[in-house]
Amino acid sequence: MCEDSHGGLGRRALFMTGAAAALTLGSVSFASAADGDQESRTVRGTLPPGSPDFVYVPVEVPAGVRELKVAYTYDRPSVPAGTLGNALDIGVFDERGTELGGRGFRGWSGGARTEFFLRADDATPGYLPGPVREGTWHIALGPYTVAPQGLSYEITITLTYGEPGETVEPVYPPERAKGRGRAWYRGDCHLHSWHSDGRRTPAEIGELARAAGLDFINSSEHNTHAAHAHWADVAGDDLLVMLGEEVTTRNGHVVALGTDPGTFVDWRYRARDNRFGRFARQIRRAGGLVVPAHPHATCIGCNWKFGFGEADAVEAWNGPYTPDDEVALADWDSMLVASVRDGRDWIPAMGSSDAHRSPDAVGSPQTVVLADDLTREAIQEGIRAGRSYVAESARVTLSFRASGGRGEHAGIGERLAVGRDTPVTVRLEVTGAPRCTVRLVTDQGVVHTSAPLPVAGSGVVEWRTTPSYAAYVRAELRHEAAAGPLPGPLAAFTNPIFLGRR
C-alpha cells in the first residue's frame, strides 16, 4: 500500500472548478499490474471551515482494471453545543469528467456509507455498474459541515486488475399497471431505499406500499438514479413504480417525479448560481414533474431557496405532521391567494412519507389522484392539474364538490364557471376520520369549522357561498387539538376548487 498526503486544503489545491464552489486536489496515480493483482493508495488531508461544497480527488486509472473500491474515514471531534460538527459525503465520477450535468456521474452515497465498489457487473447500492475504463476518475467529497477544528479525512483507493466482466443491461419497471380506468389512485412519491440513505430494500418498500393500500410509488433516492434498475421485480399489475430522484442541493431538495428510466439530475449548485432552471427543464424533458420537497424543513440544507417559478407541484406535507408542515401549508395557501389575485396559474400541493427506515410508515401521508388510468402519464397529469388530495392513510376517503344552481359542478382542482353572485354549494363527504374537524379555507381565510365528526369517522359538511366572496375553497381535516386554540394536526387536505369565471 502506498500513501500520499494532501495536507491542508490550500497547499495542494491545483485549480478551482465551477462557480467557486468546488476545488480539485493533486492526483493519485497507479501503475498497471497483472490480472488478479490489487493495488491501493491512501491519501490524507484536512479541510478547513469554509471549505467549498465539493472537493475532487483525481485518480489516474490505468488500463486493465476490473474493480474500483474506495473506503474513507474522517474525524468527528467534540464541538460546543450549537456548533456544527463534521459530516463528509462521498461519490465518484468516471473518466468522462465532473462537468455539471455531464456524463461522468457513477454514484453517490452521501454520508450513508464508508466504502463502495463498482465494476462492470455489479456495484454498491447508489452506484452504477459498468466498466472501469482507463483515464482520470474523480472521488467527490462533499464537506456538508465542518467543525471549527477542521475535517481530517483518509481515503483508501483499491484497484483490482483483470478482465472487466460482462456489463449488465438494466431492466426497468413498466409505465403502466392494471388500473380501474378513471378513478382515484393512491400513491407515495417520496421514498428512500438502501440505494441512498434508506435501510429498506426495494422489495420491502413494495410490500409495505401494498399493505398501505397504495397504487403507485416513485423512487426518489438522494442524488443518484442507481436504483432505477432495481424496481422491475417490485412492480406489478397492482403497483405502478415510477422512477425519479431527490435532487438534494445545499439550498433545498426537489423530487424529480416520474422521469424516464436512467435519468440523472445533477445537484451541485446553490440558488445563487442561477442553475436550477436548467435542471428543472431537464426533469421535464425527461417526462418528469418538478416538486420542491419539504420546503420549510429545518434540517441543514433542506429549506427551499430556489423559488417556485419552476414547480409543477409542491410537497406541503412530508412524513409525520410537524410545525414545518404547518408552515408549508400556510405558505402554499398564500401562493394560492396570490395566484387568484394576479390571475396566474396556481401550483398544486401534494404529500409523501419520505420514509427511510422503520418505523417510518410508507404511505403516510399519501397523495390521492384522480387519473384516467394507472399509468405514469395519467398519474402525472392528475398531479399537475391538482386533481388530488392528501390523506394520512388509506382509511381516509374524501369527496369534495361545488355546484351551482343550474346543475353546474366542479371537483378538486377544477373551476366552477358561474357568475360572481351565483349561489354555490360546497359539499364534503368524509369517511375514515373519527373525531376530526373539517375546516373550509378560502382566499379570505378559514370560513367554516365543523363540529367533530362522529367516532365512526363518516360525515357530510355543506357550506354555501358565492364566487364574489370566495375565489376558491379547499378543505382540511384536523385531528383534535392537544391543547389551546391552535388547530390539531392534519388528517387530510384537498387542493382547491376555484369558483367563478376567470
Side-chain angles (χ1 to χ4, degrees), residues 180 182-189 212-216 313-318 321 325-326 328-329 332-333 336 346 348-353 361 363-372 374 379 382-403 409-416 424-442 446-465 470 472-480 487-499:
R180 305 181 295 276
R182 187 171 177 82
W184 291 93
Y185 295 99
R186 297 176 178 268
D188 190 345
C189 293
L214 300 184
D215 301 294
F216 65 92
V314 60
E315 190 183 72
W317 183 357
N318 174 277
Y321 198 74
D325 296 302
E326 190 71 37
L329 187 68
W332 169 66
D333 189 70
L336 290 179
W346 64 288
M350 56 187 301
S352 298
S353 73
S364 183
Q366 55 192 244
T367 300
V368 191
V369 183
L370 179 61
D372 288 336
L374 189 51
I379 293 296
I383 292 172
R384 186 186 296 109
R387 297 193 302 267
S388 62
Y389 64 89
V390 180
E392 64 182 356
S393 74
R395 294 187 298 273
V396 180
T397 301
L398 306 181
S399 175
F400 190 43
R401 298 183 70 80
S403 58
H409 57 83
I412 299 172
E414 298 176 341
R415 175 173 293 277
L416 184 67
V424 171
T425 300
V426 178
R427 179 182 175 90
L428 176 70
E429 300 178 23
V430 181
T431 61
R435 300 296 301 169
C436 285
T437 297
V438 174
R439 302 203 318 170
L440 298 180
V441 185
T442 75
V446 178
V447 294
H448 179 80
T449 302
S450 76
L453 296 173
V455 174
S458 300
V460 176
V461 173
E462 286 193 349
W463 179 66
R464 290 173 177 80
T465 187
Y472 67 82
V473 59
R474 60 180 185 85
E476 298 176 357
L477 267 72
R478 298 273 184 167
H479 290 286
E480 293 178 286
L490 278 179
F493 76 89
T494 73
N495 274 297
I497 301 172
F498 293 91
L499 307 180

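Throughout, numbering of the chain's residues begins at 1 and tracks the sequence.
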Seminar exercise, completed: For I383 and A313, the nearest pair of non-hydrogen atoms, with its separation, is CG2-CB, 4.2 Å
Problem set entry | Closest non-hydrogen atom pair, S403 against L416 | C-CD2, 3.8 Å
Exercise. Are any non-hydrogen side-chain atoms of D333 and R474 less than 4.5 angstrom apart?
Worked result: yes
Exercise. With sequence neighbours excluded, what pairs up with S353 under the side chain to side chain donor-acceptor pair (under 3.5 Å) test?
Worked result: D188
Exercise. Do any pairs count as a salt bridge (Lys or Arg N to Asp or Glu O under 4.0 Å) and have a residue in residues 451-465, sequence neighbours left out, and if so which ones?
Worked result: R427-E462, E462-R464
Exercise. So, do H448 and V461 sit near enough that their side-chain heavy atoms are less than 4.5 Å apart?
Worked result: yes
Problem set entry | Check: N495 side chain, I412 main-chain N or O, donor-acceptor pair, under 3.5 Å | no
Exercise. Going from CZ on R395 to OG1 on T431, what distance comes out if it is rounded to the nearest 0.5 angstrom?
Worked result: 11.0 Å
Exercise. Judged by atom type as modelled, is there a donor-acceptor pair below 3.5 Å linking the side chain of Y389 to the main-chain atoms of L398?
Worked result: yes
Seminar exercise, completed: Applying ring pair (Phe, Tyr, Trp, His ring centres under 6.0 Å) to F498 and not counting sequence neighbours gives W346
Taking distance alone, no hydrogens or angles, what donor-acceptor pairs closer than 3.5 Å link side-chain atoms of residues 449-459 to residues at least two apart or in another chain?
{"unit_1": "S450", "atom_1": "OG", "unit_2": "V438", "atom_2": "N", "d": "2.9"}

Exercise. So, for A475 and L428, which heavy atoms are closest and what is the spacing to 0.1 Å?
Worked result: CB-CD2, 3.9 Å
Exercise. With sequence neighbours left out, what residues match E326 under salt bridge (Lys or Arg N to Asp or Glu O under 4.0 Å)?
Worked result: R478
Problem set entry | Side-chain touch L440/F400, heavy atoms, less than 4.5 angstrom | yes
Seminar exercise, completed: Across all chains, not counting sequence neighbours, the salt bridge (Lys or Arg N to Asp or Glu O under 4.0 Å) partners of D325 are none
Exercise. Which heavy-atom pair separates A316 from A328 by the least distance, and what is that distance?
Worked result: O-CB, 3.8 Å
For this session: Tell me, please, which residues at least two apart from R180 pass salt bridge (Lys or Arg N to Asp or Glu O under 4.0 Å).
Result: D215
Exercise. So how far is it from L374 CG to Y185 OH, rounded to the nearest 0.5 Å?
Worked result: 5.5 Å
For this session: Heavy atoms only: give me the nearest C189-S352 pair and the separation to one decimal.
Result: N-OG, 3.4 Å
For this session: Take L329 and E476, measure what side-chain contact (heavy atoms from CB on, under 4.5 Å) needs, and give me the verdict at the end.
Result: CA-CA 10 Å; L329 187 68; E476 298 176 357; 3.4 Å; yes
For this session: Test side-chain hydrogen bond (donor to acceptor under 3.5 Å, both in side chains) on R186 and T397 and set out the steps.
Result: CA-CA 10 Å; R186 297 176 178 268; T397 301; 3.2 Å; yes
Exercise. In chain order, what residues pass the side chain to side chain donor-acceptor pair (under 3.5 Å) check against E315, with sequence neighbours excluded?
Worked result: H190, N318
Problem set entry | Contacts of type ring pair (Phe, Tyr, Trp, His ring centres under 6.0 Å), residue F493, not counting sequence neighbours | W332
Exercise. With side chains defined as the heavy atoms from C-beta onward, is the minimum distance between W317 and E392 less than 4.5 Å?
Worked result: yes
For this session: Using the test side chain to side chain donor-acceptor pair (under 3.5 Å), find all partners of R387 that sit at least two apart in sequence or belong to another chain.
Result: none
Exercise. What closest approach, in Å, do V424 and A402 show between heavy atoms, and which atom pair accounts for it?
Worked result: CG1-CB, 4.1 Å
Exercise. Out of curiosity, L370 CG to I379 CD1, how far, rounded to the nearest 0.5 Å?
Worked result: 9.5 Å
Exercise. Who pairs with R384 by salt bridge (Lys or Arg N to Asp or Glu O under 4.0 Å), at least two apart in sequence or on another chain?
Worked result: E381
Problem set entry | T367 backbone acceptor or donor facing S388 side chain under 3.5 Å | no
Problem set entry | Flag side-chain contact, heavy atom, 4.5 Å: S364 against S393 | no
For this session: List the steps, then state whether side-chain contact (heavy atoms from CB on, under 4.5 Å) holds for V447 with T465.
Result: CA-CA 10 Å; V447 294; T465 187; over 6 Å; no
For this session: Just jot down the side chain to side chain donor-acceptor pair (under 3.5 Å) partners of R415, sequence neighbours excluded, or say none.
Result: none
